[in-house]
Amino acid sequence: MTQKEMENFQNYSRYAKMETGQLWEPERSGRKIVAAVVIGLLAAGLAVFAYLYYKTHEEITIFGHHISLGVSREAVPEDANLPAETERNLETAAETEDAAAEGLAAEFSPYHTDATNPDNLIAYTEIEKNGRVLSDVSEYDPWYHFDFSQGDAYTDVEGIITFRGNNFRDTAAYGLAEMEEKTLQASWSKGTGGLSYKNATWTGSGWTGQPLIVKWPAKTKEAMNLYDWAKKDDDLVEVIYACMDGYVYFLDLRTGSLTRDPLYLGFTFKGAGALDPRGYPIMYVGAGYDSTQGTARVFVINLLDCSVMHTFGNDDPFSLRYGLSYFDSSALVDAASDTLIYPGENGILYLIKLNTKYDEAGGTLAIDPEDVVKWHYQGTRTSTAAYWLGMEDSAAIYGGYLFIADNGGNLMCLNLNTLKLVWVQDILDDSNSTPVLSVEDGHLYLYISTSFHLGWRSSSGATVPIWKIDAENGEIVWQKDYECYTEKGVSGGVQSTIAVGKNDLSDYLYVTVAKTGDYGSGVLVCLKKDDGEVVWEEKSTYTWSSPVCVYNSDGTGNVIYCNGAGNMYLLDGKTGEIYSSVSLSEGVIEASPAVYENYAVVGTRACKIWGVELK
């Protein structure tokens, strides 16, 4: 600490005490002078302690209690000369106070217990920064302190711009549906195709296959390669759908008409892409399989002209996944630091400083990626035959902590600012279910499930739990078990992502479980958040598709979901009563719908994208 920094912090401590009327005045009494000196020394010590806290941005633990040494920006005069680091931390403290006022998890300091110690399941981790592998992960020095807020603060963009909407992964619906008739009506469809490579053929839309839906600002549309009618349509809402035939389709939400020419990239896209949360016309999308174009990779696309600005991830030598480089995850972007956060099935987490330059008025966009950081890990039970490395789901993030499951049965909490694992929970099997964050009674929880990979735990049937996890320490709060079956290429269990209810449905969560009861059956189950008790079950053909909660302006909510028989259903969120259903396909629906106000969009394996009106 420099002398100037010390003086600034001592000044700050003095300002804070003046504001609260606690500044002492010298007394003639020797006893009071001694007391004052002691108080002054304590204040100076606390100031130093506060400085160290803000430099490291970590809470302290005293007798098992997590304590945050917060300060208030209002207590500091506007002309106070504070270090930039202190200014940033004061802003963070103000945001934390706002979070507390909104009932969010204001005090969040993850740690591990004996049961969730990362050493139990993870052998080691490594970091590569700008092409150099660090000899020790403690050498890592981030360029920015990540601090994500709650999910509904992730973006101001009108629409669904990443898988399940935001960094909490807690919604795939934008706006209100205002359903009076409580019926579903197929409004339009658009044909897609298939793509073959070696012995595999991929058709239509697969898992997770969620579309992106966005209403662009008029100024942004002016510079886009949209058709003229689309540019002139002030009410245009664009559906952007990367499909398994190698195309990205651009459609009008209301009619299904093409809004611009489809973009052919020549790779199979199984997962959902993502748009930039700042409203910049950028799409991030990863290929889920190799093709004649080469090894699978991530594309960063300029949506002004649909040009590819950057690719990465293919044939990455830092991967420990034996040459595999698939990318089904849906990215997140830290807007404050201009950083792309992208997990890969190759077992690497990528953090890329984009250096984005977007001039909306001039209609220009460019990126210049640098400061590329890669993190990977090795599991204690990983082999070429089972419990593979790799992250096929999408990450959830709160504060500076990333939560993600992997192909090896590990649910991990990673400190994004140190790239050290905080806790790891054993979730038994290959997991494709994205963790969902939920703040309940001021505490952060996580909901997740797993699949049943043939031969790892059993060659017949196995238990698939649905878990509620304490996000602070990774401990299991409760679990609800289902007995599931599986077969080669078509896994049972939970391939979908859990839907957490809000508004009138805030006590509930919804999960689709595949191949339970028998090989062809499944269930949509409604569970109580507090104890995991079953409220109702809807049994039908199995599904990998994720359910979506939709709401009216009065807060009442319903649930839509699709199943393996090609049907979409609308149900009462509280009772499970089926209000309406519509047959969309003779084939399987693996993809997950996204909803914009009273329209749902989903693709099928039978090579159709459907628009469904919620009436």
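A donor-acceptor pair under 3.5 Å links the side-chain atoms of E472 to the main chain of S109, judged by distance alone. Between the side chain of W467 and the backbone N or O of I427, no donor-acceptor pair lies under 3.5 Å. In this structure, K529 contributes its side chain and V500 its backbone to no donor-acceptor pair below 3.5 Å. With hydrogens and angles ignored, the 3.5 Å screen pairs a side-chain donor or acceptor of R169 with a backbone N or O of A395. Side-chain atoms of D359 come within 3.5 Å of backbone N or O of A361 as a donor-acceptor pair. Side chain of S329 to main chain of D393: a donor-acceptor pair is present (N/O by atom type, distance under 3.5 Å, no hydrogens or angles). Judged by distance alone, the side chain of T295 and the main-chain N or O of N314 form no donor-acceptor pair under 3.5 Å. With hydrogens and angles disregarded, a donor-acceptor distance shorter than 3.5 Å links the side chain of K221 to the backbone of D233. The main-chain N or O of E178 is found under 3.5 Å from a side-chain atom of N552 such that the two form a donor-acceptor pair. No donor-acceptor distance shorter than 3.5 angstrom exists from the side chain of Y280 to the backbone of N302, with no hydrogens or angles considered.
Checked for salt-bridge contact, D170 and K502 meet the test: a charged N lies under 4.0 Å from a carboxylate O. The pair K468-E440 counts as a salt bridge, with a side-chain nitrogen and a carboxylate oxygen less than 4.0 angstrom apart.
Side-chain polar atoms of T162 and S330 form a donor-acceptor pair below 3.5 angstrom. Y227 and D261 share a side-chain donor-acceptor pair at under 3.5 Å. A donor-acceptor pair shorter than 3.5 Å can be found between the side chains of D406 and Y377.
Under the ring pair (Phe, Tyr, Trp, His ring centres under 6.0 Å) criterion, Y596 pairs with Y174, sequence neighbours left out. In this structure E222 satisfies the salt bridge (charged side-chain N to carboxylate O under 4.0 Å, His left out) test together with K219, sequence neighbours excluded. With sequence neighbours left out, the ring pair (Phe, Tyr, Trp, His ring centres under 6.0 Å) criterion links Y154 to no other residue. Taking E590 as the reference, R605 meet the salt bridge (charged side-chain N to carboxylate O under 4.0 Å, His left out) condition, with sequence neighbours excluded.
At a threshold of 4.5 Å between non-hydrogen side-chain atoms, the residues E139 and I127 do not count as touching. You'll find the side chain of Y140 stays beyond 4.5 Å of the side chain of W375, heavy atoms only. Counting heavy atoms from C-beta outward, M412 and I122 have side chains that approach closer than 4.5 Å. Using a 4.5 Å cut-off on side-chain heavy atoms (C-beta onward), L416 and L349 make contact. Side-chain contact check for V214 versus L212: every heavy-atom pair is 4.5 Å or farther apart. Counting heavy atoms from C-beta on, the side chains of T339 and Y144 never come closer than 4.5 Å. For the pair Y342 and I352, the minimum side-chain heavy-atom distance is 4.5 Å or more. Inter-residue side-chain proximity for V373 and W143 is flagged as met; some heavy-atom pair is nearer than 4.5 Å.
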Evaluate the criterion side chain to side chain contact (heavy atoms under 4.5 Å, CB included) for residue pair L419 and L351; output intermediate values, then yes/no.
-> CA-CA 11 Å; L419 293 186; L351 305 178; 4.1 Å; yes
Evaluation steps, side chain to side chain contact (heavy atoms under 4.5 Å, CB included), between L303 and I240 = CA-CA 10 Å; L303 290 178; I240 303 176; 4.0 Å; yes
Stepwise side chain to side chain contact (heavy atoms under 4.5 Å, CB included) check, K357 with D368 = CA-CA 9 Å; K357 294 181 179 178; D368 183 20; over 6 Å; no
When you look at Q425 and I469, which way does the side chain to side chain contact (heavy atoms under 4.5 Å, CB included) test go after all the steps?
-> CA-CA 9 Å; Q425 176 61 256; I469 303 287; 4.3 Å; yes
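In terms of heavy atoms, G313 sits closest to N346 at O-ND2, 3.8 Å. Minimum interatomic distance between F403 and C413 (heavy atoms only, all atoms of both residues): CE2-SG, 3.6 Å. The minimum heavy-atom distance between G256 and L251, with the atom names listed, is O-CD2, 3.5 Å. Between S449 and S433, the shortest heavy-atom contact is O-CB, 3.5 Å. Considering all non-hydrogen atoms of both residues, S545 and A591 come closest at OG-O, 2.6 Å. Across all non-hydrogen atoms, the minimal contact from Y445 to D470 is CD2-CA, 4.0 Å.
Atoms OG and CZ, on S325 and R297 in that order, are 8.0 Å from each other to the nearest 0.5 Å. Between the CG atom of N225 and the OG1 atom of T259 there is a distance of 8.5 Å, given to the nearest 0.5 Å. The OG atom of S337 sits 11.0 Å away from atom NE2 of H145, with the distance rounded to the nearest 0.5 Å. Atoms OG and CG, on S307 and L263 in that order, are 9.0 Å from each other to the nearest 0.5 Å. Interatomic distance, CD1 of I560 versus SG of C549, reported as 9.5 Å (0.5 Å rounding). The CD atom of E392 sits 12.0 Å away from the CZ atom of F327 when rounded to the nearest 0.5 Å.
The aromatic ring centres of Y264 and Y247 sit less than 6.0 Å apart. Checked against the 6.0 Å centroid threshold, F312 and Y350 count as a close aromatic pair. For Y326 and Y289, the ring centers are positioned less than 6.0 Å apart. Residues Y561 and Y510 keep their aromatic ring centres 6.0 Å or farther apart.
Enclosure of atom CG in D136 by more than 12 non-hydrogen atoms of other residues, nucleotides or ligands within 6.0 angstrom is indicated.
For the salt bridge (charged side-chain N to carboxylate O under 4.0 Å, His left out) condition, the pairs that include at least one residue of residues 327-339, sequence neighbours left out, are K270-D328, R278-D338. The stretch residues 234-244 participates, sequence neighbours left out, in these salt bridge (charged side-chain N to carboxylate O under 4.0 Å, His left out) pairs: E238-R260.
The one candidate from D276, L332, L275 that meets the side chain to side chain contact (heavy atoms under 4.5 Å, CB included) condition with Y284 is D276.
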